Amino acid sequence: MNKQYVMPETTDEKFLKAYDMASKTTQKFAPDVMLHFYAYYKKATQVNGFYVPPTNEGDLRNAFKINALLQVKNLSKQEAREKYVELVEEHIGEVTE
């Protein structure tokens with residue numbers, strides 16, 4: 001029999017710990033990494049549908065945020081949590097429960 005390894009789901013506690021680590025770090029990240037943190041967090045915590053930040057014409061920062069959100073729009077909230085934790089572990093350190 002060929003058993004397929006299934007990764008355990010990211011728990012609320014682990015996700016919140018990852019968020020806490022990311023919020024408190026003094027590390028500086030490249031803009032694309034920051035946008036991934038932003039998009040995964042927003043998707044993982046969305047309440048009522050797809051979030052789009054308010055935008056002013058010519059506001060480049062929000063344009064990048066919207067683009068990042070569009071890239072994760074097909075992820076489930078659980079998948080976004082897992083990606084967020086992976087990103088924290090890749091750039092900040094291991095997230096223990």
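Source: prediction; values computed, not measured.
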Exercise. Has K83 got more than 12 heavy atoms of other residues, nucleotides or ligands less than 6.0 Å from its NZ?
Worked result: no

Exercise. Looking at residues at least two apart in the chain, or sitting in another chain, which of them share a ring pair (Phe, Tyr, Trp, His ring centres under 6.0 Å) with F37?
Worked result: F29, Y84

Exercise. Would you say S23's side chain and Y19's backbone share a donor-acceptor pair under 3.5 angstrom?
Worked result: yes

Problem set entry | Test item: E89 side-chain N/O and E86 main-chain N/O as donor-acceptor pair under 3.5 Å | no

Taking atom [atom1] of [X] and atom [atom2] of [Y], what is their separation to the nearest 0.5 Å?
| X | Y | atom1 | atom2 | answer |
| --- | --- | --- | --- | --- |
| I92 | L87 | CD1 | CG | 7.5 Å |
| D12 | K17 | CG | NZ | 15.0 Å |
| L60 | K65 | CG | NZ | 12.0 Å |
| Q46 | K73 | CD | NZ | 12.5 Å |
| N62 | N67 | CG | CG | 12.5 Å |
| M34 | H91 | CE | NE2 | 11.0 Å |

Problem set entry | CA sep, side-chain torsions, deciding dist, call: L75, Y40, side-chain contact (heavy atoms from CB on, under 4.5 Å) | CA-CA 9 Å; L75 293 180; Y40 290 143; 3.8 Å; yes

For [X] against [Y], the heavy-atom pair lying closest together:
| X | Y | result |
| --- | --- | --- |
| K43 | K77 | O-CG, 3.5 Å |
| A44 | A80 | N-CB, 3.6 Å |
| A68 | A39 | O-CB, 3.5 Å |
| N74 | E79 | O-OE1, 4.1 Å |
| V85 | A18 | CG2-CB, 3.9 Å |

Exercise. Does any pair with a residue in residues 22-35 pass salt bridge (Lys or Arg N to Asp or Glu O under 4.0 Å), and if so which ones, sequence neighbours excluded?
Worked result: D20-K24

Exercise. Are F15 and Y41 close enough that some pair of their side-chain heavy atoms sits under 4.5 Å apart?
Worked result: yes

